Amino acid sequence: MPVPEGYDSAVVEAKWQDRWRSRGTNATDIGAGADKFYALMMFPYPSAEGLHVGNLFAFTGNDIYGRYHRMRGRTVFEPLGYDAFGIHSENYALKVGVHPSVLIPRNIANFRRQLEQAGLMVDWRYAVETTDPEYYRWTQWVFLQLYDRGLAYRKQAAVNWCPFDKTVLANEQVINGECERCGSKVEQRFLEQWFFAISRFAPRLLANLEGLDWSDTTKTAQRNWIGKSEGAEIRFPTEGGDAVATGDLAVRVFTTRPDTVFGATYLVLAPEHPLVATLTTADQRAAVDSYRQLTADQDLVSRRIGTREKTGVFTGSFATNPATGGRIPVWVADYVLMDYGTGAIMAVPGHDERDFAFATVFGLPIVQVVAPEGVAVSAGAPLVAAYTDGGRLVQSERFDGLTVDEGKRRITAWLADRGAASPVENYRLHDWCISRQRYWGPPIPIIYCDTCGPVPVPADQLPVVLPFIADFKPDDSGVSPLARHEEWYRVPCPRCGGAGRRETDVSDTFLDSAWYFLRYPSATRTDVAFDPAMTRRWLPVDSYIGGNEHAVLHLLYARFVTMVLHDAGLLDFEEPFTRFRAHGHIVRDGAKMSKSRGNIVNPDRYMTEWGADAFRTYLMFLGPYEQGGDFHDGGIAGPRRFLDRLWSATIASTTTGTADARVMSELHRTIRKVTEDIPRLSYNTAIAALMAYMNVIRSGERTPHRAEVAPVVQLVAPFAPHIAEELWERLGHTTSVFDDGWPSFDPALAAEHTVTVAVQVNGKLRGTVIVAPDAAQDDVYAAALAEPGVAKHATATTRKVVYVPGRLINIVVGG
RNA sequence: GCCGGGGUGGCGAAACUGGUAGACGCGAGGGACUUAAAAUCCCUUGGGGGAAACCCCGUGCGGGUUCGAAACCCGCCCCUGGCACCA
């Protein structure tokens, strides 16, 4: 075999990246091409550290999928952009003392360089940057679409407040109840903030999941997050406090266990519950007020994750249990949350762990009303713990003996007849707070006017440009950074022309990413957010790939925004992502690769040393794409050697004579394997099959025939696009390998002529026989017994024979 | 605590729908080529026993179902990601 010219990845990759640019190979004709395929990848946050191996792993997997579909004849659109607003950029900018408007373009340029070096098939003409006013103008427009439909509203909500820095903190900036920057104790403050009414869409968001081709883990995560629970709302009339009562003084509680109402021995209201003030008696007022003050002062993080020790106070008033008619006390405790259900519960300490703990601390009565099947309960027997399992009702008067499920139905119906209850479905999903008291985000397009109230900025006045503020650090003034920019802050009211003030909050980054996939095909349009025709053509997204850390928030918000725009008549579909697959994560030293863990690896070095193609192939070979893999420097030599072999085999291949029939049969099996593995994202096994085939065509240092290697160049192309282009050209083609189709396999050629059948005796492997794939059981049985190793063990009478054609024969002998 | 994902050679992993466990790669050992080295190529490589033929053991642990289990069922242990008083 002649010594072939070596494979110089640097030269090949530079050459083809140039060619792709000059020939527009990666540009999609989004207005024309047939059989569209929108291959979307979650866009990255362009960090200052640059692209890391984890990003590249994710992008490469999407790129392979996109390139594969292109080779199969579809018009593939693979756009990419940058999610560059948000607290990460802002905090980093503060840390290094460079303004984010300077930092971000620099980071984006670096990302772009790295992404191009990696050989992604991205059509950069449609790149989007969320920080570009031409983009966030439409983010603001999306806000107004929600506002116009009554889906954006303001309400008081708690934020973490640092009294020293005089600023709002995100939950992750609160460490052990203290400000991460100055260490002072963080408090709760109530601010008017903007919310999107996503909870109204909870039933639809849940129901639509059914029809989506998404990773099961992601769907499960969304279902849990939406958190539907069925139960009843039950009214407990109260006697009121001392004050002369007006209005309805009944406490409405939500419960999933109406069957246990006979065991409800007290009520608990959340500290923020509106009835607390009315129900509190003069005797208890001081205690209740100070308890409410205490919970109000606590920061959100401690309130949420804080100790599970139960605290609370008695209001002094009583309610009537509508089932027993008994008089039960009404308490206030922070273990009841105002923003779930009705903000009040009926406490059943016998059958709820939290209520049990509370009742134990405060000496409240505990009554057992459910007992395990067949267990008798005497009224006085104390429970040592809450009994939360199923069983039959006891001490529940006429309902005794019913199962828990029957009890739920019958008791709810019984109470409903008397106007004391109604069946209710409750959702855990909360409305989406989009206000951020920050600088680095798109301003919320609202102007406050003393006479007109909040007025939306008219669409033709968008964007509300984020003003340049050199010093955007929070200061002692206690106002949002944007409020300090006087010329920007003071504007005339769009409605009456009077004095107005701009909203100084910016919106959540999740809003930027909740619609970016709609923007890509229309990224070049300055007159609309998304062009109707282009949107009909390209959406919904055919394949969306991203990290499962966005399984709930981002994916849910994107679905919500799409649903709203659909209802507004702006989109003709209501689910944006037909198919979604979560990729795994690259692990290093036993932990997910992430900035916070400080174990990130910059891919530049590897791409320079081994080539982008080898590095891409290596990353995909590490492990199953949907599970991720373990990054270790050593392994990359294997994929690189594979490409070296592919190179030399292709260069040296001959056109004289004919291809070896057995090699060709193996080739067709390999084509089949790779063709089946790529759509399943089983990239590691596809690569393994290609490597195994290379071992076959080169075994015994034979010179392969061109027909044996040419299809391999095509099969490798999605993984290692540069070398594939180069070899394809050297094979005499003038068009891109990505426009020359995908090899098809011939099932007849791929079929095996003989198969090795495992022979077991009593389940233990005792030999193998080589037979035709469709050999009859009797023939295989005879052949098996002719094997000495088998005959030796199969001496007793054969009782049974199990034959799996092409696989195995198991001879069961003896008695 | 709850909900996912996982546990297979020295290492990363493979195994279709229950059918020869360890494909493919890394590393390691041996050999060829070379003055030598690198590169490349070939062979070996789960553990134990045996001169060999061959035998036994082996997919986190303990049971079970089955002709047959890495895969299914029951009960545990460990690692990992997310959620977190959701009534």
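Every chain is numbered from 1 and lettered A, B, ... according to where its sequence line falls, protein lines coming before strand lines. What you see is a predicted model; the values in this text were computed from it and never measured. All values below were derived from every heavy atom in this structure, side-chain atoms included, with hydrogens, water molecules and symmetry-related copies excluded.
- When each of rG25(B), rC83(B), rC67(B) is scored by its nearest atom to the side-chain atoms of Val812(A), the top-ranked nucleotide is rC67(B).
- Within 4.0 Å (heavy atoms only), His351(A) reaches no atom of the nucleic acid at all.
- A side-chain contact (heavy atoms from CB on, under 4.5 Å) with Val769(A) is found for one member of Thr756(A), Val759(A), Val755(A), Asp779(A) and no other, namely Val759(A).
- Going from atom CD of Gln627(A) over to atom P of rG12(B) covers 14 Å, rounded to whole Å.
- Comparing atom distances between the Val802(A) side chain and each of rC67(B), rG25(B), rC3(B) picks out rC67(B) as nearest.
- Ala221(A) comes within contact range of no nucleotide atom at all, as no heavy-atom separation falls under 4.0 Å.
- Side-chain N/O atoms of Arg645(A) include one lying less than 4.0 angstrom from OP1 or OP2 on rC41(B).
- Exactly one of His668(A), Arg669(A), Arg662(A) qualifies for a side-chain hydrogen bond (donor to acceptor under 3.5 Å, both in side chains) with Ser665(A). That residue is Arg669(A).
- The base-pairing partner of rG4(B), taking Watson-Crick or G-U wobble contacts with both distances under 3.5 Å, is rU80(B).
- Between Tyr625(A) and His583(A), the ring planes are tilted. Angles from 30° to 60° get that label.
- Between Trp647(A) atom CH2 and rU40(B) atom P the separation is 16 Å, expressed in whole Å.
- The residue Asn684(A) sits close only to the backbone: its heavy atoms come under 4.0 Å of sugar-phosphate atoms, none of a base.
- A distance of about 25 Å separates the C1' atoms of rG60(B) and rC24(B), rounded to the whole Å.
- Rounded to an integer number of Å, the gap from CD1 of Ile770(A) to P of rU20(B) is 16 Å.
- The pairing partner recorded for rU40(B) is rA32(B), the criterion being a Watson-Crick or G-U wobble arrangement whose two distances lie under 3.5 angstrom.
- You'll find that the side chain of Thr768(A) is closest to rU20(B), out of rA87(B), rU20(B), rG25(B).
- Annotation: of the two residues near RNA chain B, Ile687(A) and Ala758(A), the 5′-most nearest-nucleotide partner is Ala758(A).
- Base pairing annotation: rC61(B) forms a Watson-Crick or G-U wobble pair with rG75(B), both donor-acceptor distances under 3.5 Å.
- Backbone-only engagement by Lys792(A) is indicated by non-hydrogen atom pairs under 4.0 Å involving sugar-phosphate atoms exclusively.
- When the P atom is compared between rA13(B) and rG7(B), the two are found 9 Å apart, to the nearest whole Å.
- Pairing of rG68(B), defined by two Watson-Crick or G-U wobble distances under 3.5 Å, is not identified with any nucleotide.
- Under a cut-off of 6.0 angstrom, the local environment of CZ in Arg252(A) is sparse, with at most 12 non-hydrogen atoms contributed by other residues, nucleotides or ligands.
- Nearest nucleotide to the Asn224(A) side chain, out of rC3(B), rG4(B), rC85(B): rC3(B).
- Annotation: rC67(B) and rG30(B) have their C1' atoms spaced 43 Å apart (nearest Å).
- Between the C1' atoms of rG10(B) and rU45(B), the separation comes to 10 Å (whole Å).
- Taking every side-chain heavy atom of Arg641(A) into account, rU40(B) is the closest of rC24(B), rU40(B), rG12(B).
- Mapping Gln760(A) and Val552(A) onto RNA chain B via the closest heavy atom, the residue that lands nearer the 5' end is Gln760(A).
- Which of rU20(B), rC3(B), rA23(B) sits closest to the side chain of Ala688(A) comes down to rA23(B).
- Comparing the C1' positions of rA21(B) and rG68(B) gives an interatomic distance of 14 Å, to the nearest angstrom.
- Across rC41(B), rU20(B), rG12(B), the shortest atom-to-atom separation from the side chain of Arg698(A) is found for rC41(B).
- Spacing of P atoms, rA70(B) relative to rC57(B), comes out at 13 Å, to the nearest Å.
- When the shell of 6.0 Å around CD of Glu353(A) is examined, it contains 12 or fewer heavy atoms from other residues, nucleotides or ligands.
- Backbone-only contact: Lys764(A) has heavy atoms under 4.0 Å from sugar-phosphate atoms and none from a base.
- Judged by a 6.0 Å distance limit and a 45° cone about the ring axis, Arg581(A) is not positioned over the six-membered ring of Trp214(A).
- For Arg766(A), taking side-chain heavy atoms from C-beta onward, the closest of the listed nucleotides rG25(B), rC85(B), rC55(B) is rC55(B).
- Considering only side-chain N and O atoms, Ser229(A) lies under 4.0 angstrom from the phosphate OP1 or OP2 of rA87(B).
- For His583(A) and rG4(B), the NE2 to P distance is 21 Å, given to the nearest whole Å.
- Taking the C1' atoms as reference points, rG58(B) lies 15 Å from rG49(B), given to the whole Å.
- Counting non-hydrogen atoms under 4.0 angstrom, Ile345(A) reaches a base of the nucleic acid.
- Shown here are the side chain to side chain contact (heavy atoms under 4.5 Å, CB included) partners of Phe362(A), two or more places apart in sequence or in another chain: Trp331(A), Phe358(A), Leu364(A).
- Of the candidates rG12(B), rU40(B), rA15(B), rG12(B) carries the atom nearest the Asp630(A) side chain, counting heavy atoms from C-beta on.
- A side-chain donor-acceptor contact under 3.5 Å links Lys219(A) to the backbone of Leu212(A).
- In this structure, rG25(B) is classed as anti because its glycosidic torsion departs from zero by more than 90°.
- Comparing rA87(B), rG4(B), rG12(B) by their closest approach to the side chain of Val336(A) singles out rA87(B).
- Regarding Leu553(A), its CG atom lies at a distance of 11 Å from the C1' atom of rC83(B), rounded to whole Å.
- Within 4.0 Å of Glu353(A), counting heavy atoms only, lies no atom of the nucleic acid at all.
- Aromatic rings of Phe719(A) and Tyr618(A) (six-membered ring for Trp) have centroids beyond the 6.0 Å cut-off, not under it.
- In this structure, rU17(B) forms no base pair with any nucleotide, since neither Watson-Crick nor G-U wobble geometry is met with both distances under 3.5 Å.
- The partner of rC24(B) is rG12(B), by the rule that a Watson-Crick or G-U pair needs both atom distances under 3.5 Å.
- Considering only side-chain N and O atoms, His793(A) lies under 4.0 angstrom from the phosphate OP1 or OP2 of rC55(B).
- Base contact: Asn810(A) has a heavy atom under 4.0 Å from a base atom.
- For the C1' atom pair drawn from rU40(B) and rC33(B), the interatomic distance equals 9 Å after rounding to whole Å.
- In this structure, Arg640(A) reaches neither bases nor backbone, as no heavy-atom distance under 4.0 Å exists between it and the strands shown.
- Regarding Phe356(A), its CZ atom lies at a distance of 17 Å from the C1' atom of rG1(B), rounded to whole Å.
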